[in-house]
2 protein chains.
Amino acid sequence: MALEHAILVSLLEQPGSGYELARRFDRSIGRFWTATHQQIYRVLRRMEADGWVAAEEVAQDGRPDKKVYSAAGAGRAALAGWLREPVEPESVRHELAVKIRAAAFDDPAALVSEVERHRESHAALLARYLHGEQRDFPDPTALDARQALQHVVLRGGIEYERMTLAWLDDVLATLHRLSTPSTPGSP
Amino acid sequence: MALEHAILVSLLEQPGSGYELARRFDRSIGRFWTATHQQIYRVLRRMEADGWVAAEEVAQDGRPDKKVYSAAGAGRAALAGWLREPVEPESVRHELAVKIRAAAFDDPAALVSEVERHRESHAALLARYLHGEQRDFPDPTALDARQALQHVVLRGGIEYERMTLAWLDDVLATLHRLSTPSTPGSP
DNA sequence: TCCTCCTATGCAACGAATTGCATAGGCAAT
DNA sequence: ATTGCCTATGCAATTCGTTGCATAGGAGGA
């Protein structure tokens, strides 16, 4: 379980309330680690009890009070320890791959629109990544450590989306070939 | 939840016991859908109760009896319905990305061996994929629907591993640059 | 004015996933 | 002989994740 660690990283980059964290997880962080607000509140309470984070009540006018969390010393130490631990192999859930193999026992053409939907959303995400890269890393030669590491993670996202787009085109071509079997060799 | 559907696909491709399914999930299928034997046994019982699969007790000598499952009509129908449903967006858990961003608040060099371990395991997996491709799809022009779809999923795995290897090299170069800051322009 | 949305946090209940353990016979090696 | 591994299934406990609901004040539009 690494939700604690993802929260710690986020709080080190910028302190914030549970609600703010939940919104960050909906946006940038959610691309490589998803969490609902319920999970976040629950884990934050546990982390506060363990001394990993410190909380400060902040009164606001016009809206409810909030508890702003920031990473504490014990949290940093836990993160450093975790960094040195070996990996647990990631558990993969690639639903589309299951569907593609399932299509062999049904009508492959029924998958086309689904794959096209995926293709569109991956294209949109790639565009957002590229836009964010231009905005946040205009000069890749002048970055501090934090920015350099954020950038290399973003590059990973970009390459993943590019690869996925090319593969989805391959999938669409394959589905199309199965629906309209050609008459090879015909002039 | 699509574990049911992954199991159905596997049983349609080849009937088998819970134990055999668990081993398939450890091997090929596990690359895009992981499951433990506990999950599989639990879901199989539910699927049998729902009439999605049929079970047959098979006595063996020299080892315990087993229950061989195969997909039933209701299972095929459920699979066809699921194929036509729109996607739920996949929930991502990319632990290494969290670690890389965490390294900004610790020693980036401490991540090198971890990333190298990843790199090795991805290289090994790519080699296995390529070997499997040569073995199972020697002539990609002469494939039936099932094989064509299995092949396009495998190609996705291959491209994913290639992309990941390139990215991990990028990560290693970035980590190295942070540990040994160069003196640019020095002759 | 009423409706709805946004910020901000949380309880309660359920379902899913993980982990540890148990059984039970056969096989192979030490 | 004993140890350990493989097939084959399952119980029990715990943790994790999801969903629905609740509160509560303020903003903005119909």
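Owing to the predicted nature of the structure, the values given are computational and were not obtained by experimental measurement. Residue numbers begin at 1 in each chain, while the letters A, B, ... track the order of the sequences.
Judged by a 6.0 Å distance limit and a 45° cone about the ring axis, A/Arg155 is not positioned over the six-membered ring of B/Trp167.
Atom pair A/Glu4:CD and D/dC16:P shows a separation of 7 Å (rounding to whole Å applied). Rounding to whole angstrom units, CD of residue B/Gln39 and P of D/dT15 are separated by 18 Å. Rounded to whole Å, the distance from CD1 on B/Ile40 to P on D/dC11 is 16 Å. One atom, CD1 of A/Ile7, and another, C1' of D/dG17, lie 13 Å apart when rounded to the nearest Å.
More than 12 heavy atoms of other shown residues, nucleotides or ligands fall within 6.0 angstrom of atom CD in A/Gln60. With a 6.0 Å radius and a threshold of 12 heavy atoms from other residues, nucleotides or ligands, B/Glu56 has its CD atom at or below the threshold.
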Footprint string (nucleotides 7-13 of chain C, 5' to 3'): B base within contact, S backbone only, - free, heavy atoms under 4.0 Å: BBBBB--
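Under the 4.5 Å side-chain criterion, counting only non-hydrogen atoms from C-beta, B/Glu20 is in contact with B/Ser17.
Defining each end axis of the helix from C/dT1-D/dA30 to C/dA24-D/dT7 as the rotation carrying four pairs' C1' atoms onto the next four, with five pairs an end, the two axes are found to diverge by 30° to 10 degrees.
Just one of A/His94, A/Arg101, A/Lys99 meets the side-chain contact (heavy atoms from CB on, under 4.5 Å) condition when paired with B/Val153; it is A/Arg101. Of the listed residues (B/Leu168, B/Thr174, B/Leu172), just one forms a side-chain contact (heavy atoms from CB on, under 4.5 Å) with B/Asp170, and that residue is B/Thr174.
In the hydrophobic cluster analysis, where Ile, Leu, Val, Met, Phe, Trp and Tyr join through side-chain heavy atoms closer than 4.5 angstrom, B/Met163 is grouped apart from B/Leu154. Residues A/Leu12 and A/Trp82 share a single hydrophobic cluster, defined by chaining ILVMFWY side chains whose heavy atoms lie under 4.5 Å apart.
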